[in-house]
Amino acid sequence: MKLYVDTTSKQVTASKDPEPKYDQNGNQKSEKNTGRLMWSTQVFVLDDNGGDVITITTAGEKPSVKVGDFLAVEQLEAIPWATNGRNGVAFRAVSLKPKTGSPAK
């Protein structure tokens, strides 16, 4: 089952430029089925309850976003994980694009 996050009422702002996502050997990771390169973009997500900083992974072309851009996030998926006694949530999206118009409130 996939867990999608509705971002329509959230303001998502790029807080760090997109960077290649690396494996433990220092090589840029690629998507298993397609071979598309993977990118990590740190964002700040703000809504009525406050804000959080998360990192969103995308695959394909490097997202053309920069620090301070308000973002449109396509199909944000939350992926719970657990390994070696640690756990968390990873975030993956189909795309990140600069949002036109005023930010969500």
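Both backbone and side-chain heavy atoms feed into the values below; hydrogens, waters and symmetry mates do not.
Contact record, Thr55 with Phe91: O-CB, 3.6 Å, taken as the closest heavy-atom pair. When every heavy atom of Ile54 is checked against every heavy atom of Ile56, the shortest pair comes out as CD1-CG1, 3.9 Å. Summarising the geometry of Thr58 relative to Ala93, their closest heavy-atom pair is CG2-O, 3.5 Å, with the distance given to 0.1 Å. Annotation for Gly60 and Arg36: closest pair N-CB, 3.7 Å, computed over non-hydrogen atoms. When every heavy atom of Ser30 is checked against every heavy atom of Gly35, the shortest pair comes out as CB-O, 3.5 Å. Ala72 and Lys99 make their closest contact through N-CB, 3.9 Å (heavy atoms, listed as atom of the first residue, atom of the second, distance).
Looking at heavy atoms from C-beta onward, Glu61 lies out of side-chain contact with Trp39 at the 4.5 angstrom threshold. Between Arg86 and Trp81 there is a side-chain heavy-atom pair separated by less than 4.5 Å. Between Leu46 and Thr13 the shortest side-chain heavy-atom distance does not fall below 4.5 Å. For the pair Pro80/Leu3, a side-chain contact is recorded, criterion being any heavy-atom separation below 4.5 Å from C-beta on.
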Worked check of side-chain contact (heavy atoms from CB on, under 4.5 Å) between Val45 and Gln11: CA-CA 6 Å; Val45 182; Gln11 178 180 302; over 6 Å; no
Is there a side chain to side chain donor-acceptor pair (under 3.5 Å) between Lys97 and Ser64 once you walk through the steps? CA-CA 7 Å; Lys97 296 179 182 169; Ser64 59; over 6 Å; no
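Of the possible polar contacts, none joining the Asn25 side chain to the Asn27 backbone as a donor-acceptor pair under 3.5 Å is found. Side-chain atoms of Asp69 do not come within 3.5 Å of backbone N or O of Leu71 as any donor-acceptor pair. A donor-acceptor pair under 3.5 Å links the side-chain atoms of Ser15 to the main chain of Gln42, judged by distance alone.
We find that Arg92 and Glu31 are joined by a salt bridge, their nearest charged nitrogen and carboxylate oxygen being less than 4.0 Å apart. Salt bridge status for Asp17 with Lys66: absent, with no side-chain N to carboxylate O gap under 4.0 Å.
Under the 4.5 Å side-chain heavy-atom criterion for Ile, Leu, Val, Met, Phe, Trp and Tyr, Val89 and Met38 are members of distinct hydrophobic clusters. Residues Val12 and Phe44 are members of separate hydrophobic clusters, defined by side-chain heavy-atom contacts under 4.5 angstrom among Ile, Leu, Val, Met, Phe, Trp and Tyr.
More than 12 non-hydrogen atoms from other residues, nucleotides or ligands lie less than 6.0 angstrom from CG of Asp23.
Side-chain contact, Lys16 with Thr41: no donor N or O sits under 3.5 Å from an acceptor N or O.
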